[in-house]
Amino acid sequence: MHSPPIPVVLVHGWKSHPGIWNRLTPRLNEESIPFWSFDYTSFNGASMEEIAGALRDYTATQRDVQGYAGSIDMVCHSIGSCIARYLLEVLDGSARREQVRQLIAIGPPNNGSSLAELFCDPVIGPEITGRLCGTFVPRNFDPASDVIVHACRPGSITMAALRKAGIRPDIRYRVLCAENITRTPSFFPCFDGKTCELQPDGSWCMTYAGDGIVPLADSVLPGAVIEVLPVDPATFDGDAAQYCHIRLPRAPEVVDRVVEYLRCGPVNTG
């Protein structure tokens, strides 16, 4: 006998919205997997801790409304993954009141965002921002005043708190990333198919090992199972851009993987 599907909480990314899940949610309905979509689009100027606290309250409310007290799954995109991790690892931490079976992160900047750091660079920043205006950031975007951008810089207090807390052993972490394996410019035209990557010495380079916004080096999380897509390079022949960061949660291969993970649950590695 199969256990009934457990609810999944969906957490969108920075300057995104719950509509990013419009390819995933129909599949969840088909699979009879309950989902709760957390929306923080109105939290202008809020800190990572405040948004993580709101996620905790939202989840508690949904549990009360649905009369559900068991474990849940979480599926997050981009910085939404950092928000969920901040709740689970920093705010909840050793208390472990939040019962989470697995966290599935799509294109997450687990080690801090190279792009956030470059946004704030007085020399490189304006050029990078200009290239992404109207595509990834809104026009007249000012990184200096964006609280979440500063929270996601690799050297921020927020990222230091995540590193210190570490991942929770009671949660299965899965990471889904993409890279431009065929070096196709249309993968992410803003950067000719490449991704900005901050180096340990503070310099930066352009790499094909990323999704246009988040390089693979930013996503790697010790203890997490990571899968880099697409599995088949021929998938790029139709639409390479479906694997760029902005469209990644809607890519059919990503949706298939997420549904598979939600159906199967964590793998027992003990």
Side-chain angles (χ1 to χ4, degrees), residues 13-16 48 76-83 85-86 105-164 175-222 224 226-230 236 240-249:
W14 171 77
K15 297 198 181 302
S16 185
M48 184 82 75
C76 313
H77 179 222
S78 191
I79 288 173
S81 306
C82 297
I83 292 168
R85 287 186 56 209
Y86 199 90
I106 303 170
N110 283 318
N111 301 305
S113 167
S114 290
L115 196 57
E117 190 66 31
L118 294 174
F119 276 151
C120 299
D121 186 284
V123 177
I124 303 170
E127 178 190 352
I128 297 296
T129 300
R131 288 196 188 191
L132 295 174
C133 268
T135 301
F136 182 65
V137 300
R139 301 193 183 281
N140 301 317
F141 167 63
D142 178 15
S145 62
D146 193 295
V147 176
I148 297 301
V149 164
H150 286 278
C152 287
R153 295 174 70 177
S156 72
I157 294 174
T158 301
M159 298 312 300
L162 283 173
R163 284 192 294 271
K164 181 178 180 181
V175 176
L176 285 169
C177 300
E179 68 174 320
N180 190 356
I181 52 179
T182 58
R183 303 191 172 191
T184 304
S186 62
F187 173 84
F188 192 61
C190 293
F191 294 140
D192 297 320
K194 299 178 183 179
T195 305
C196 300
E197 181 181 318
L198 188 69
Q199 302 298 292
D201 63 1
S203 63
W204 67 287
C205 69
M206 300 299 292
T207 178
Y208 289 106
D211 62 18
I213 297 297
V214 179
L216 295 184
D218 285 4
S219 293
V220 173
L221 182 65
I226 185 167
E227 186 170 7
V228 182
L229 303 176
F236 270 22
Q242 68 180 298
Y243 288 94
C244 79
H245 186 81
I246 299 166
R247 295 175 57 188
L248 196 55

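Numbering starts at 1 and runs along the sequence shown. Just so you know, these numbers use all the heavy atoms, side chains as well, and skip hydrogens, waters and symmetry mates.
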| Cys244 SG to Phe136 CZ distance, which is reported to the nearest 0.5 Å | 10.0 Å
| query | Hey, mind stepping through Phe119 and Asp146 against side chain to side chain contact (heavy atoms under 4.5 Å, CB included) and telling me if it holds? | reply | CA-CA 10 Å; Phe119 276 151; Asp146 193 295; over 6 Å; no
| query | Considering only heavy atoms from C-beta outward, does the side chain of Ile83 approach that of Cys76 to under 4.5 Å? | reply | no
| To the nearest 0.5 Å, how far apart are CD1 in Ile213 and SG in Cys190? | 7.0 Å
| task | Measure the shortest side-chain to side-chain distance between Asp192 and Met206 over non-hydrogen atoms and say whether it is less than 4.5 angstrom. | result | no
| said: Counting C-beta onward and ignoring hydrogens, is there a side-chain heavy-atom pair between Pro230 and Gln242 closer than 4.5 Å? | reply: no
| Where Gln199 and Cys205 come nearest, the two heavy atoms and their spacing | NE2-SG, 3.2 Å
| remark: Smallest heavy-atom separation, Cys196 atom then Leu118 atom, equals CB-CD1, 3.4 Å
| Which residue pairs pass the salt bridge (Lys or Arg N to Asp or Glu O under 4.0 Å) test when at least one of the two sits in residues 126-136, sequence neighbours left out? | Glu127-Arg131
| Smallest separation among heavy atoms of Met159 and Ala151, with atom names | CG-O, 3.5 Å
| task | Look only at the side chain of Asn180 and the backbone of Phe187, and say whether a donor-acceptor pair between them is shorter than 3.5 Å. | result | no
| said: Applying ring pair (Phe, Tyr, Trp, His ring centres under 6.0 Å), can you list everything that pairs with His245, at least two apart in sequence or on another chain? | reply: His77
| query | Tell me, do Ile79 and Pro109 make a side-chain contact under 4.5 Å, heavy atoms counted? | reply | yes
| said: Restricting to non-hydrogen atoms, name the atom on Leu229 and the atom on Leu176 that form the minimum distance, rounded to 0.1 Å. | reply: CD1-CD2, 4.1 Å
| Are the side chains of Asn110 and Arg85 in touch, meaning some heavy atoms are under 4.5 Å apart? | yes
| query | Any idea which heavy atoms bring Ala144 and His150 closest together, and the distance? | reply | O-NE2, 3.2 Å
| task | Report yes if some heavy atom in the side chain of Leu115 is under 4.5 Å from a heavy atom in the side chain of Leu132; otherwise report no. | result | yes
| query | Can any side-chain N or O of Thr129 pair as donor or acceptor with the backbone N or O of Gly125 at less than 3.5 Å? | reply | yes
| Under the side chain to side chain contact (heavy atoms under 4.5 Å, CB included) test, which residues partner Ser16, sequence neighbours left out? | His12, Ile20
| Aromatic contact, Phe141 with Trp14 (centres under 6.0 Å) | yes
| query | Is the CG atom of Asp201 crowded by more than 12 outside heavy atoms at less than 6.0 Å? | reply | yes
| field | Atom of Pro154, atom of Leu198 and distance for their closest heavy-atom approach | value | CG-CD2, 4.1 Å
| message | Can you tell me if Arg163 has over 12 outside heavy atoms packed within less than 6.0 Å of its CZ? | response | yes
| Can you find a pair of side-chain heavy atoms, one from Val214 and one from Cys177, that are under 4.5 Å apart? | no
| CG of Asp218 to CD of Glu117: how many Å apart, nearest 0.5 Å? | 10.5 Å
| From CD1 (Ile128) to CG (Asp121), nearest 0.5 Å | 9.0 Å
| Between the side chains of Thr184 and Ser186, does any donor sit under 3.5 Å from an acceptor? | no
| Derivation of the ring-ring contact (aromatic ring centres under 6.0 Å, His included) call for Tyr243 and Phe236 | CA-CA 9 Å; Tyr243 288 94; Phe236 270 22; 5.6 Å; yes
| query | So do the side chains of Phe188 and Asp211 get within less than 4.5 Å of each other, counting heavy atoms only? | reply | no
